[in-house]
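Report on one structure; see the data block that follows.
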There are 2 protein chains.
Amino acid sequence: MADAGSPFHEAPHDHHACVAAALAAADLVCRQKGARLTALRRRVLELIWSRHAPARAYDILEQLKGERGGAAPPTVYRALDFLIEHGLVHRIESLNAFVGCNDPRYGHSAQFLICRRCGTIAELEDAEVARLVRARAAALGFRVSHQTIEIAGLCPGCDAGSGDPTHAA
Amino acid sequence: MADAGSPFHEAPHDHHACVAAALAAADLVCRQKGARLTALRRRVLELIWSRHAPARAYDILEQLKGERGGAAPPTVYRALDFLIEHGLVHRIESLNAFVGCNDPRYGHSAQFLICRRCGTIAELEDAEVARLVRARAAALGFRVSHQTIEIAGLCPGCDAGSGDPTHAA
DNA sequence: GTCGTTTGGTTATAAGATAACATCAGTGCG
DNA sequence: CGCACTGATGTTATCTTATAACCAAACGAC
Ligand SMILES: [Zn+2]
Ligand SMILES: [Zn+2]
Ligand SMILES: [Zn+2]
Ligand SMILES: [Zn+2]
């Protein structure tokens, strides 16, 4: 298959399977933790997974309004709080947006590669990066509690397109 | 001096010297680039340097209002845009705030250590971290244009204070 | 069923950022 | 000087993002 080993999902793929897998993993994680993945929270998670790009809170809100009325900002933010707390969603600080976690089964220090052209985001879980950051901080007497690592640039597809007549703007 | 080798400035120190050095460096950088560090821009930079913690745009705005009237959000954000464009200030995405650059003489990939207790921020310029991130991205075909690396935790002073009766809250 | 807790609805507002247009200050030139 | 041009700032309005506070419904334990 095209993207088996890559964290990028640019090429057309069976995205329904991505969403189904994410929701199944969420169901499992919540069952194991005794957390309640309600219909609303599950739907918000599903909307976040609708694309491999970060979703903004007010875009989710617009979707919900169309589906069920009685949706307001707190509706979305409370669901996001739950999903983040249980590791099902990551907040992307540099975009004020939210993306589904690739592997919510345990806590981790992730890094994100964000294409500034097509918006695709890839989640890495590079232990060496996380460890080097912790080591550098520790050398200065700093105790790390959370790493925010968001790398902007061009994804493979968009980088190939730059300067390429077949893709140039 | 107390903190000669540390990026942290928690202990009392001659902070006036920090500010003076930052402003002098800014003057130099702007003169060399032909950029106009106007009184307003210089004052905003000075306010950002008032502490070794990120400054929020609307706090800067409140200061300016008290000093000169006729200050509104665009006043601050335009000054910030200028300062960021010329590398004099960094935006801290995870805080929606701004901090003076330690070394504005040339572009760089910085990392920030942010104390979640006292708010102190330290800017690192660790080439190895930046290089490892670039390497990991490159291995996936991703071309990096900007790294956002913001590490939350406890600075040396606050970490020592945790559980220590002499500092406990 | 009843109680207590969690979840979600509702209204209002806080916090952060930008768009659009007017005005002013400096610069160069006839 | 008078004028035009440019960059910087003033001004008003609006947009985006996020939270506070309070209430009602749903759920789970007993
Ligand atoms: Zn997919
Ligand atoms: Zn792309
Ligand atoms: Zn200082
Ligand atoms: Zn601290």
Side-chain angles (χ1 to χ4, degrees), chain A residues 26-27 30-48 53-86 88-99 119 148 150, chain B residues 26-27 30-31 33-48 53-86 88-99 114 119 148 150:
Chain A
D27 286 332
C30 288
R31 191 154 5 99
Q32 288 176 342
K33 296 210 230 174
R36 291 168 57 189
L37 187 63
T38 62
L40 174 63
R41 291 165 173 171
R42 199 167 191 278
R43 178 59 180 146
V44 169
L45 181 61
E46 188 177 22
L47 289 170
I48 288 173
R56 289 176 300 164
Y58 277 70
D59 289 345
I60 296 170
L61 175 57
E62 284 309 303
Q63 283 282 334
L64 288 181
K65 273 186 185 166
E67 294 173 3
R68 48 188 291 157
T75 310
V76 174
Y77 283 103
R78 284 191 290 229
L80 290 171
D81 286 346
F82 172 90
L83 295 170
I84 290 170
E85 183 183 351
H86 292 89
L88 301 169
V89 161
H90 295 288
R91 175 181 170 84
I92 306 301
E93 301 287 352
S94 58
L95 298 174
N96 292 331
F98 305 86
V99 68
T148 298
E150 301 172 6
Chain B
D27 286 332
C30 288
R31 192 154 4 101
K33 295 210 229 173
R36 291 170 57 188
L37 187 63
T38 62
L40 173 64
R41 291 164 175 170
R42 201 168 189 276
R43 178 60 180 146
V44 169
L45 181 60
E46 189 177 20
L47 289 171
I48 289 174
R56 290 174 301 164
Y58 276 68
D59 289 345
I60 297 169
L61 176 57
E62 285 309 304
Q63 282 281 333
L64 288 181
K65 274 186 186 167
E67 294 172 5
R68 48 188 293 159
T75 310
V76 173
Y77 283 103
R78 284 192 291 229
L80 289 170
D81 286 345
F82 172 90
L83 294 169
I84 291 169
E85 183 182 350
H86 292 89
L88 302 169
V89 161
H90 295 288
R91 177 181 169 84
I92 305 302
E93 301 288 352
S94 57
L95 299 174
N96 292 331
F98 304 86
V99 68
I114 307 165
T148 297
E150 302 172 6

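Sequence lines set the chain letters: A, B, ... in the order given, protein chains first and strands last, and positions in each chain run from 1.
Note on the helix from C:dG1-D:dC30 to C:dG30-D:dC1: angle between the axes of the first and last five pairs equals 20°, rounded to 10 degrees.
Counting only distance, with no hydrogens or angles, the side chain of A:Arg41 and the backbone of A:Leu83 share no donor-acceptor pair below 3.5 Å.
For A:Arg78 and C:dG9, a side-chain-to-base donor-acceptor distance below 3.5 Å is present, hydrogens and geometry of angles not being considered. The base of C:dA17 lies close enough to the side chain of B:Tyr58 for a donor and an acceptor atom to sit less than 3.5 Å apart.
Rounded to an integer number of Å, the gap from A:Leu40 CG to C:dG9 C1' is 11 Å. Put simply, CG on A:Leu80 is 15 Å from P on C:dT7, counting in whole angstrom units. Here the C1' atom of nucleotide C:dA19 and the CG atom of B:Asp81 are 13 Å apart, to the nearest Å. Atom CZ of A:Arg43 is separated from atom P of C:dG8 by 15 Å (rounded to the nearest Å). If you take CZ of A:Phe82 and P of C:dT7, they are 7 Å apart, rounded to a whole angstrom. Between A:Arg36 atom CZ and C:dT7 atom C1' the separation is 6 Å, expressed in whole Å. Whole-Å rounding puts the B:Ile92 CD1 to C:dA17 P distance at 12 Å.
Where DNA chain D meets chain B (any atom under 4.0 Å from a heavy atom), the bounding nucleotides read 5' to 3' are D:dG7 to D:dT12.
Taking B:Asp59 as the reference, B:Arg56 meet the salt bridge (Lys or Arg N to Asp or Glu O under 4.0 Å) condition, with sequence neighbours excluded. The side-chain contact (heavy atoms from CB on, under 4.5 Å) check on B:Ala57 picks up B:Val76, B:Tyr77, B:Leu80, B:Phe98, with sequence neighbours excluded.
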Output side-chain donor-acceptor pairs under 3.5 Å for residues 62-71 of chain A, partner residues at least two apart or in another chain, one line each.
unit_1	atom_1	unit_2	atom_2	d
A:Glu67	OE1	A:Arg43	NE	3.0
A:Glu67	OE2	A:Arg43	NE	3.2
A:Glu67	OE2	A:Arg43	NH2	2.4

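If you check C:dT7, C:dG16, C:dT18 against the side chain of B:Arg56, the one that comes closest is C:dG16.
Residues from residues 59-67 of chain B lying near DNA chain C, meaning a heavy-atom separation below 4.0 Å, are absent.
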Decide yes or no on side-chain hydrogen bond (donor to acceptor under 3.5 Å, both in side chains) for B:Glu93 and B:Thr148, but give the supporting numbers first.
CA-CA 8 Å; B:Glu93 301 288 352; B:Thr148 297; 5.1 Å; no
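Sequence order on DNA chain C of the closest nucleotides to A:Pro73 and A:Ala79 puts A:Ala79 first from the 5' end.
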